[in-house]
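Side chains included, hydrogens not; waters and symmetry mates left out as well; all remaining heavy atoms used. Numbering of ligands and ligand atoms starts at 1, following listing order. Just so you know, residue 1 is the first one in the sequence shown, and it goes up from there.
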Amino acid sequence: MPTRKPLVIVTRKLPDVIETRMMELFETRLNRDDKPLAEADLTEAVATADVLVPTVTDRIDKSMLAHAGPRLKLIASFGTGVDHIDLATARQRGITVTNTPGVLTEDTADMTMALILAVPRRLTEGERLLRSGKWEGWGPTFMLGHRIWGKRLGIIGMGRIGSAVARRARGFGLSIHYHNRRRVRPELESELEATFWESLDQMLAHVDIISINCPHTPATYHLLSARRLKLIRPHAYIVNTSRGEVIDENALARMLAAKEIGGAGLDVFEREPAVNPKLLQLTNVVLLPHMGSATMEGRVDMGEKVIINIKTFVDGHAPPDRVIETMY
Ligand code: 8YV
């Protein structure tokens with residue numbers, strides 16, 4: 001790293017307090033109007049920065065990294081997921097990648113729990129009806145949803161967020177089932193009274209609510225494929241606060257429309273910000289615009305992490321949140 005202040009290029013608007021601190025510490029180029037960078041502008045940023053601070057909305061793939069200038073040594077991503085960055089190419093080009101894990105766990109778990117509650121209890125459907133002015137008053141069989149207490153929750157990906165979802169879900173009377181690459185520590189399993197399913201197929205056929213909490217990697221792309229979606233019980237619900245790519249969105253929309261799956265709560269989509277038009281027609285889905293971790297506190301914590309990663313790196317130390325490909 002140079003002895004002058006490093007040029008840090010930030011691709012999106014961050015909280016003011018974070019931008020101010022970055023300006024103090026580094027030569028920082030901000031994106032004040034927050035328009036996602038066009039490909040040419042991102043290319044220019046990659047070619048000139050010492051440190052790039054991208055977000056999930058920037059595709060840093062092999063062809064983008066081919067434009068990396070000799071100065072680019074660190075990509076300090078603002079976010080936990082790193083599926084928008086080609087990690088292997090970054091490594092080959094000697095570029096370190098960091099992310100912001102841990103600080104979004106509780107917020108994302110809250111939003112997951114909110115969707116787990118909202119879909120079976122028809123929360124947004126009821127709200128839409130009331131706002132439309134068509135509510136004619138209470139009735140014994142009006143707006144009946146399904147009970148949450150006593151149902152089985154199947155968590156796909158029992159990492160930090162998956163475990164935080166499980167802790168919340170237990171308070172709502174759900175029993176915890178999970179599928180993960182590795183079985184978790186016995187202490188965690190017994191704390192959560194969680195049942196491990198080595199076979200995802202078998203777990204899918206057994207649970208009432210499915211929550212996706214694994215990262216999107218080549219191994220989890222369309223993990224819920226059309227074939228696997230067919231294993232899910234027709235009354236079951238799917239909640240996804242991870243990445244849209246983990247589910248075959250077309251197949252899901254088709255099956256939801258055909259009532260072959262009970263409902264879905266989706267905060268993420270395969271081609272964001274585009275949403276499969278079929279999903280928009282359905283009443284048995286709750287759709288959110290990727291806001292699982294969107295709290296003021298969370299965004300500031302993420303920004304702090306980005307700053308710490310940059311500062312330690314430019315001071316010649318190993319940044320705390322270095323992303324290693326084998327972690328994914
Ligand atoms: C972030 C997320 O808001 O951190 C992640 O992986 O999905 C989001 O909650 C976004 O990625 C910021 O880049």
Side-chain angles (χ1 to χ4, degrees), residues 8-15 18-19 22 30-31 34-37 42 45-46 51-61 64 74-87 90 97-115 156-157 159-165 211-218 220-221 223 239-247 249 265-275 287-310 319-325 327-328:
V8 176
I9 301 184
V10 185
T11 66
R12 299 295 300 268
K13 170 93 189 80
L14 302 184
I18 298 300
E19 292 189 337
M22 279 185 156
L30 300 170
N31 178 357
D34 199 29
K35 268 216 340 254
L37 294 192
L42 187 57
V46 162
V51 177
L52 183 74
V53 180
T55 73
V56 68
T57 54
D58 304 297
R59 185 130 296 284
I60 321 278
D61 57 13
M64 181 55 68
L74 176 66
I75 297 176
S77 195
F78 183 90
T80 300
V82 284
D83 53 332
H84 55 299
I85 303 170
D86 182 336
L87 297 176
V97 176
T98 59
N99 65 345
T100 63
V103 291
L104 326 169
T105 304
E106 305 304 334
D107 296 328
T108 309
D110 283 344
M111 194 59 103
T112 308
M113 199 63 227
L115 287 172
I156 301 177
R160 273 184 290 252
I161 297 174
S163 313
V165 171
S211 176
I212 314 256
N213 297 108
C214 60
H216 166 222
T217 67
T220 64
Y221 175 76
L223 187 66
V239 166
N240 188 4
T241 53
S242 163
R243 283 290 182 271
E245 288 90 337
V246 179
I247 309 182
E249 194 173 289
L266 307 174
D267 182 48
V268 285
F269 303 89
E270 262 198 87
R271 288 165 283 274
E272 290 178 16
V275 176
L287 305 172
L288 296 177
H290 196 148
M291 51 194 269
S293 70
T295 66
M296 300 285 289
E297 296 86 342
R299 293 287 184 255
V300 171
D301 291 348
M302 288 161 80
E304 289 286 350
K305 274 205 161 250
V306 168
I307 291 173
I308 291 166
N309 282 318
I310 300 174
D321 303 310
R322 180 166 189 179
V323 176
I324 314 286
E325 277 159 84
M327 290 169 13
Y328 289 89

> Does the side chain of S77 come within less than 4.5 Å of T55's, by heavy atoms?
Replying inline: no

> Under a 4.0 Å heavy-atom limit, does T57 contact ligand 1 with its side chain, its backbone, both, or neither?
Replying inline: neither

>> How far is atom 11 (O) of ligand 1 from the closest protein heavy atom, and which atom is that?
In response: V56 CB, 3.4 Å

> What atoms in ligand 1 come closer than 4.0 Å to a heavy atom of S293?
Replying inline: 1 (C), 3 (O), 8 (C), 9 (O)

> Near G81, which atoms of ligand 1 are under 4.0 Å from a heavy atom of that residue?
Replying inline: 4 (O), 5 (C), 6 (O)

>> T241 and side chain to side chain donor-acceptor pair (under 3.5 Å): which single residue from T108, T112, D110 fits?
In response: T112

> Do F269 and L287 come within less than 4.5 Å of each other through their side chains, counting heavy atoms only?
Replying inline: yes

> For ligand 1, which atoms have a heavy atom of T55 less than 4.0 angstrom away?
Replying inline: 13 (O)

> Can you find a heavy atom in the side chain of V103 that is under 4.5 Å from one in the side chain of E297?
Replying inline: no

> Can you list the atoms of ligand 1 that are under 4.0 Å from a heavy atom of F78?
Replying inline: 12 (C), 13 (O)

> Should you measure from each heavy atom of R243, which atoms of ligand 1 turn up under 4.0 Å away?
Replying inline: 2 (C), 5 (C), 6 (O), 7 (O), 11 (O)

> Is there a side-chain contact between I9 and V51, using heavy atoms and a 4.5 Å cut-off?
Replying inline: no

> H290 heavy atoms, cut-off 4.0 Å: which ligand 1 atoms fall inside?
Replying inline: 2 (C), 7 (O), 8 (C), 9 (O)

> L288 versus M291: any side-chain heavy-atom pair under 4.5 Å?
Replying inline: yes

>> Can you name the atoms of ligand 1, numbered from 1 with element, that are less than 4.0 Å from a heavy atom of R299?
In response: 3 (O)

>> Taking 4.0 angstrom as the limit and counting only heavy atoms of G79, give me the atoms of ligand 1 inside it, by number and element.
In response: 4 (O), 12 (C), 13 (O)

> Under 3.5 Å, side chain of D321 to main-chain N/O of T98, donor-acceptor pair present?
Replying inline: no

>> Evaluate T80 for polar contact with ligand 1, using N/O atom pairs at a separation under 3.5 Å.
In response: yes

> Between N240 and R243, is there a donor-acceptor pair closer than 3.5 Å when you use the side chain of the first and the backbone of the second?
Replying inline: yes

